[in-house]
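Atoms within a ligand are numbered from 1 in the order they appear, just like the ligands themselves. Throughout, numbering of the chain's residues begins at 1 and tracks the sequence.
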Amino acid sequence: MTPGLRPLIAGNWKMNTLVREAVDLAKAVVAGSGSVKAELLVCPPFPYVAGLAGMLAGSTVAVGAQDCHARDKGAHTGDVAATMLRDCGATHVILGHSERRADHGETDAMVKAKASAALAAGLVPIVCVGETLAQREAGQALEVVHGQIAGSLPEGFVAAGGVVAYEPVWAIGTGKTPTEEDIAAVHAAMRAQVGAATRLLYGGSMKPGNAAAILALPNVDGGLIGGAALVAADFLAIAKAAG
Ligand code: 13P
């Protein structure tokens, strides 16, 4: 944790849930959120953003999206603008997730343009960075993360409360996590790069069993949770581990 920064526990639901499951999961998160001190965010698939934002209005659980386009409108079939998400009640948007970098060829420059659009729309961008296994084994983790941050954060990001999530690609959905020393080393380097005001999340196989130890590390200001965010009790247990 970083003194003075409220932890953020964010659920990235990825391409999971049908409507009924999304509604039930969101309801269960709200129902169990009473004693949670961390800020809570759920990021469902696009079709459910408006419905869940309406449903959770007035609760302590915010709703975000998992991507946005860099433009406000136009001939971009299948894409969704940050302004639309904001208009639907979203407050945050995850950008540059490694799955989007891999599946859709998103570059740092594209992520930066999307983050710029998010800021202009009044959304808090959560920009994801992280090295592959080959890069870690080659001793390049710090360099890769530094480069992604340098290339992906637009002007105004820090002032607007933008969030950075460190998600080592090889830790996502694998049950593997870096050592506490390795997480702390990356987060210390990110802190030196982005300054004291920016929340730095860890993501990658975070579960109720390892959350307390990870969240207690210096400069880890919350978590971006994948698989465990699909089980309300697990997501809430992680949130409670944040204090
Ligand atoms: P898992 O928690 O399933 O490893 O996913 C992490 C992630 O990619 C969150 O964005």
Side-chain angles (χ1 to χ4, degrees), residues 7-17 21-22 25-26 29 38-46 48-49 61-68 85 90-104 106 111 114-115 118 123-133 135-136 141 144-145 148-149 152 162-180 182-183 186-187 190 199-215 217 220-242:
L8 170 65
I9 302 295
N12 175 7
W13 293 3
K14 307 192 180 186
M15 197 173 73
N16 292 295
T17 68
E21 295 161 331
L25 180 54
V29 170
E39 190 178 337
L40 288 175
L41 172 70
V42 294
C43 299
F46 280 141
Y48 315 144
V49 167
V61 183
V63 176
Q66 301 171 17
D67 178 45
C68 70
L85 295 168
T91 52
H92 297 65
V93 61
I94 298 168
L95 294 171
H97 192 283
S98 62
E99 287 151 15
R100 293 209 58 87
R101 290 179 188 259
D103 293 354
H104 299 274
E106 292 193 6
V111 175
K114 289 173 181 224
L123 292 173
V124 175
I126 300 175
V127 169
C128 303
V129 297
E131 81 285 358
T132 63
L133 186 57
Q135 290 166 333
R136 171 151 291 272
V144 166
V145 167
Q148 287 176 327
I149 290 178
S152 305
V163 176
V164 178
Y166 170 53
E167 298 206 309
V169 177
W170 53 276
I172 295 174
T174 59
K176 294 183 190 146
T177 56
T179 64
E180 289 170 23
D182 285 340
I183 296 174
V186 173
H187 278 247
M190 294 197 296
R199 285 184 292 186
L200 304 175
L201 311 186
Y202 170 79
S205 296
M206 213 158 151
K207 310 278 178 214
N210 61 20
I214 293 171
L215 292 167
L217 294 171
V220 176
D221 310 312
L224 183 53
I225 324 299
L230 297 172
V231 179
D234 288 355
F235 184 64
L236 290 163
I238 293 170
K240 283 171 191 161

Task: Closest protein heavy atom to atom 9 (C) of ligand 1, given as residue, atom name and distance to 0.1 Å - done: Glu167 OE2, 2.8 Å

TODO: Provide the closest heavy-atom pair for Ala165 versus Ile126 in the form atom of the first, atom of the second, distance.
DONE: CB-CG2, 4.2 Å

Open item on the list: For Ser205 versus Ala171, what's the shortest heavy-atom pair and its separation?
Closed with: OG-O, 2.6 Å

Open item on the list: Can you tell me if Ala171 contacts ligand 1 (heavy atom of the residue under 4.0 Å from the ligand)?
Closed with: yes

Open item on the list: Below 4.0 Å from ligand 1: does a non-hydrogen atom of Ser205 turn up there or not?
Closed with: yes

Task: Sequence-distant partners of Trp170, side-chain hydrogen bond (donor to acceptor under 3.5 Å, both in side chains), two or more places apart - done: Glu131

Task: His97 side chain to Gln66 side chain, donor-acceptor N/O pair below 3.5 angstrom - done: no

Open item on the list: Quick check against the 3.5 Å criterion: does Asn12 have a side-chain atom that pairs as donor or acceptor with the backbone of Gly226?
Closed with: no

TODO: Please say whether Gly173 places an N or O atom under 3.5 Å from an N or O atom belonging to ligand 1.
DONE: yes

Open item on the list: For atom 3 (O) of ligand 1, what's the nearest protein heavy-atom neighbour? Residue, atom name and distance, please.
Closed with: Gly227 N, 2.8 Å

Open item on the list: Against ligand 1, does Lys14 come closer than 4.0 Å with any heavy atom?
Closed with: yes

Task: ligand 1-proximal atoms of Ile172, by part, heavy-atom distance under 4.0 Å - done: both

- [ ] Please identify which atoms of ligand 1 are closer than 4.0 Å to at least one heavy atom of Gly204.
- [x] 4 (O), 6 (C)

Task: Shortest heavy-atom approach to atom 8 (O) of ligand 1 - which of Lys176, His97, Glu99 - done: His97

Task: side chain to side chain contact (heavy atoms under 4.5 Å, CB included) between Val220 and Glu180, intermediate numbers included - done: CA-CA 11 Å; Val220 176; Glu180 289 170 23; over 6 Å; no

Open item on the list: So for ligand 1, is Gly226 a polar contact partner (N or O within less than 3.5 Å, distance only)?
Closed with: yes

Open item on the list: Can you classify the ring geometry of His187 versus Tyr202 as parallel (below 30°), tilted (30 to 60°) or perpendicular (above 60°)?
Closed with: tilted

